[in-house]
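Quick caveat, the model's predicted, so the values are computed rather than measured. In what follows, every chain begins at residue 1, and chains take the letters A, B, ... in the order their sequences are listed.
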Amino acid sequence: MNTSLTKKLAIYLLSGVAVILASFFIAVQMPGDALDNLLLRQEKVSVSSYDYEIKKIEMAHRMGIDKPLFYFRMSSLAETGYEIYFATETKKDNYSKLLRKYGNSKEVYLFARNCQYTDEVLSGLNKKYNSSAIEKFSGYLQFIQKNSASTNMDSVWTMTENDHSLTEFRPLTNMLKHSWEKLAEQPHSYRAYIPAISFSADNRFNDWFFGGPLSHGLIHLDLGTSFFTGEKITSLLKNKIAWSLGFSLTAILLAFSIGIPLAAWIVSKKNKTLDKFIRIFAATGYAMPVYLAGVILLFLFSNPDILNIFPSSGVKPIGMNDNVSIAGKLWASVPYLILPLICYTFSLLAFAVSTAGELLQNQMSLPYIVTARAKGLDEKTIVYKHALKNVLPPLISLLANIFPAIIGGSVIIETLFSIPGMGNEIVRACLSRNFPLLSAIILISGFATIVMYALVDIAVYRLDPRIKPSAA
Amino acid sequence: MKKRFRKLSVLWLSFITLLSIAAPFVANEKPFFFDSSESQTGYTDYRQQRLDGKNNSGFFALIPYSSGVADAENSGPHSPFEKNYYHNSQGEKSVIPLRFHHWMGTDAIGSDVAAGVVFGLRHSLFIAVTAMVIALIIALVMGILSGYYSMYGIRISWSAILFFIFLFWAIWFYGCHIFSNEWRMFFSGNSSFYFLFKILFIIIIITSILLVLKRISDRFVIARKEINFSPDRWITATTQLFISVPQLILIITLSVFFQPSAFKIAVIFGLLMWTDLARIIRAEVLKMKQEGFIESCIASGLSTSQIIFRHILPNLKTVVRPLFLFGLASVILTESGLSFLGLGMGPDTVTLGSLLAQAKENMDAWWLMLFPGIFLFITILSLFNQGKQNNINGN
């Protein structure tokens, strides 16, 4: 091991950490109605029930969602992280405005909480009585919630006290007024502008990484559960990884085992028309995106109007018997895989042939080839025995460079032909905003890429120790 | 042969550029000119008036439909050779007299494919050019910084490092974190910009305090001690981070978090595409430094900015041009792939990718596959050709 290789591996380690952090920040995202969905499914609580918001907060607490995000939290002195308890965006907005103006976090929280409590009581009453007084009072309440940070509240309190139709709600208004007076008593508005660092060992990253109420933690190889089905993600993805890996590896092997000998053959022939043909082929492969090629293939070979040879989607016949052996299963899904493999191999083949050909051409003018020619070797032996060996290390590092593109290409192909792999799954996770699943896929594909890069670096170093892996 | 290809590709590229700039004038269902005095019905049944042959006072675009608007009379995919119907002024359904009314047929909801292709090209080119301009700016800054300072780095004192760290932190804290609500309101368009002055005021005060602190700390020897800060190492590490996640997956994920519009997608692409460009620019700057003319520039007393803007940037032109063209091609390909998956711009926006996705759903409709496919293919091919030609000329 030389030092530049170790340095490069250290950078890979750093990018591994970055991938973990990125996938964590995706995993903690939530679609707006995720909690509602969970509540409806697990607790069988109806949305209209009186204590719905309270149930929601309890649930968030149980799942550990209300914890701080990371070990360190940099915020102003006034912020406390109570925002999670406010259900709607406007309430959160009002809370943070109040914080900015008054700065005493505890009192602000109590006041905002009282407002929300009153709101809940009113919505409970509204279902039972539905009188005009309740509507009037909830109008007042909405005004208070919206404008408490910007207007003078004293006039609002006198108005509610003078209004005789609101006598029933005197206790509630008194409660609000009381908490408001406490709030306005000692404003510390400067606190909102003073930075503070808080530390807490009990946070969401800790839960996600070392295990918590939602999962056993990444360190135990548990990636959490899918939002909507409640399935374990690790067991969900096991099959998909097998499909994806098998599929792409077959395509890569096919493309490179056809492409490199083809390139060598063309270089050894020194034929101009062949050269031109291969250039056109490479340009076509570059300009023909996989989705266009796939659609054309489907149109030609899976179309009742033209040729209906291959099935258009899926990987196995519907209602296939599960008792068949593995070989039987593979045999049954062969016709399903031919079109996607052709589509995939075509795009890779153009790349393999053109790059291998270019690299070989560059080698052909080097002194050792001239020596070999002077020795009287024929062109075939020169290309196959001498040039090809020297082209191998750069070809392998090129393979690493296209590996991310391969995963990207397989996203489109798998979606197009509905192969149950990772690429198909990521599109579905994106469309349904299933963030834990999305983060798991990013983690896995990111780590696969990094490991691939590192392996290729080591392999290139082993094949040709003269090459120093540069820092870039 | 080669020369003819090159001319053809230049011609095609200028043609689609003009087409996409003039897209609202090429495909539009509203007339450019309409004599309202002759008709009582106004704009709504301009098409009938044109087809009926009377009151033909409007002047229409070449493709009299806009993209994404359903043609109610001809719902469902229609081939360009099929008969198309319309409601005439008597309220009856009759056949359109023109043979090719929908030049490239219609898609599943009956909207015009030709209009979709024109507007799809417009979206694609807009996204590609914007993204590559953003990527190029970032790559030039990063590449030149890391290439130019690769050998000796920047000498910087500890007090200056601390000053910059605290300054950036203050900009983040007072500029973004505290006023995050105001920013959100500002971007959704229902807030005043008064808070911007507040931020400016706070940051000016903080900066002056930090400057004073830096002055004071410079009295101590430890703070004056200089270290060698190498931007090269940091920038190469950053590039490494960017390529460690497959690009398409990163783009797909980011497009989930933002409400995708053309500009936002362009910004996402731009922020992800700069790494390759920066690496090659860095290598080129390193090569230039070995050629010796930069050293003679330094020796003759030119300032760093003069060297970079007068001598390095013009010399980078030959390297950057093919990379820019290849980048355009790959952005167009990836963006079309994104909308092919249904993750690009919203479902109402018609792009080349979404037309191809529709072709997959309607296998009978060959025109849905053929026309967007050909437009995409020839565009990429000519960009590729141009890039290669420039590459050969440059070297």
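No donor-acceptor pair closer than 3.5 Å links the side chain of A:R428 to the backbone N or O of A:G423. Distance alone, capped at 3.5 Å, places no donor-acceptor pair between the A:S418 side chain and the A:T415 backbone. Between the B:W234 side chain and the B:S146 main chain, no donor and acceptor come within less than 3.5 Å of each other.
For a residue to count as touching a neighbouring chain, one of its non-hydrogen atoms must lie under 4.5 Å from one of that chain's; by this rule A:F447 does not touch chain B. Within the 4.5 angstrom heavy-atom criterion, atoms from both the backbone and the side chain of A:A283 approach chain B. Proximity to chain B involves both the backbone and the side chain of A:V295, based on heavy atoms less than 4.5 angstrom apart. In this structure, the portions of A:Y286 lying under 4.5 Å from any heavy atom of chain B include both its backbone and its side chain. Heavy-atom distances place both the backbone and the side chain of A:T284 under 4.5 Å from chain B. Only the backbone of A:A192 comes within less than 4.5 Å of a heavy atom in chain B; its side chain stays farther off. Only the side chain of B:F340 comes within less than 4.5 Å of a heavy atom in chain A; its backbone stays farther off. Using a 4.5 Å cut-off between heavy atoms, B:L343 touches chain A through its side chain atoms alone. Residue contact with chain A, scored on non-hydrogen atoms closer than 4.5 Å, is absent for B:D232. When heavy atoms are compared at a cutoff of 4.5 Å, A:L438 approaches chain B solely by way of its side chain, counted from C-beta outward. With a threshold of 4.5 angstrom between heavy atoms, A:M452 does not approach chain B through any atom at all.
In terms of heavy-atom pairs under 4.5 angstrom with chain A, the leader among B:S336, B:G373, B:A329 is B:S336. The candidate with the highest count of non-hydrogen atom pairs below 4.5 Å against chain A, out of B:T379, B:T253, B:L338, is B:T253. Between chain B and the residues A:S439, A:G446, A:P195, the largest count of heavy-atom pairs under 4.5 Å involves A:P195. Counting heavy-atom pairs closer than 4.5 Å to chain A, the top residue among B:F377, B:F242, B:Y174 is B:F377. When each of B:L356, B:L341, B:L383 is checked for heavy-atom pairs under 4.5 Å with chain A, B:L341 comes out on top. Between chain B and the residues A:L14, A:I26, A:V19, the largest count of heavy-atom pairs under 4.5 Å involves A:I26.
Relative ring orientation between B:W366 and B:F371 is described as tilted, the plane-to-plane angle lying within the 30° to 60° band.
Taken to the nearest 0.5 Å, the CD1 atom of A:I441 stands 8.5 Å off from the CG atom of A:N434.
Every ring pair (Phe, Tyr, Trp, His ring centres under 6.0 Å) that B:F173 has, sequence neighbours left out, goes to B:W169, B:H177. Partners of B:W367 by ring pair (Phe, Tyr, Trp, His ring centres under 6.0 Å), not counting sequence neighbours: none found.
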### Query
Would B:T275 and B:T239 count as a side chain to side chain donor-acceptor pair (under 3.5 Å) if you check the C-alpha gap in whole Å, the side-chain angles of each, and the deciding distance to 0.1 Å?
CA-CA 5 Å; B:T275 48; B:T239 2; over 6 Å; no
### Message
Does B:T334 form a side chain to side chain donor-acceptor pair (under 3.5 Å) with B:Q247? I'd like the steps, not just the answer.
### Response
CA-CA 9 Å; B:T334 320; B:Q247 213 168 40; 5.8 Å; no
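In this structure, B:F257 has its ring center under 6.0 Å from that of A:F435.
A side-chain donor from one of B:T351 and B:S339 sits under 3.5 Å from a side-chain acceptor of the other.
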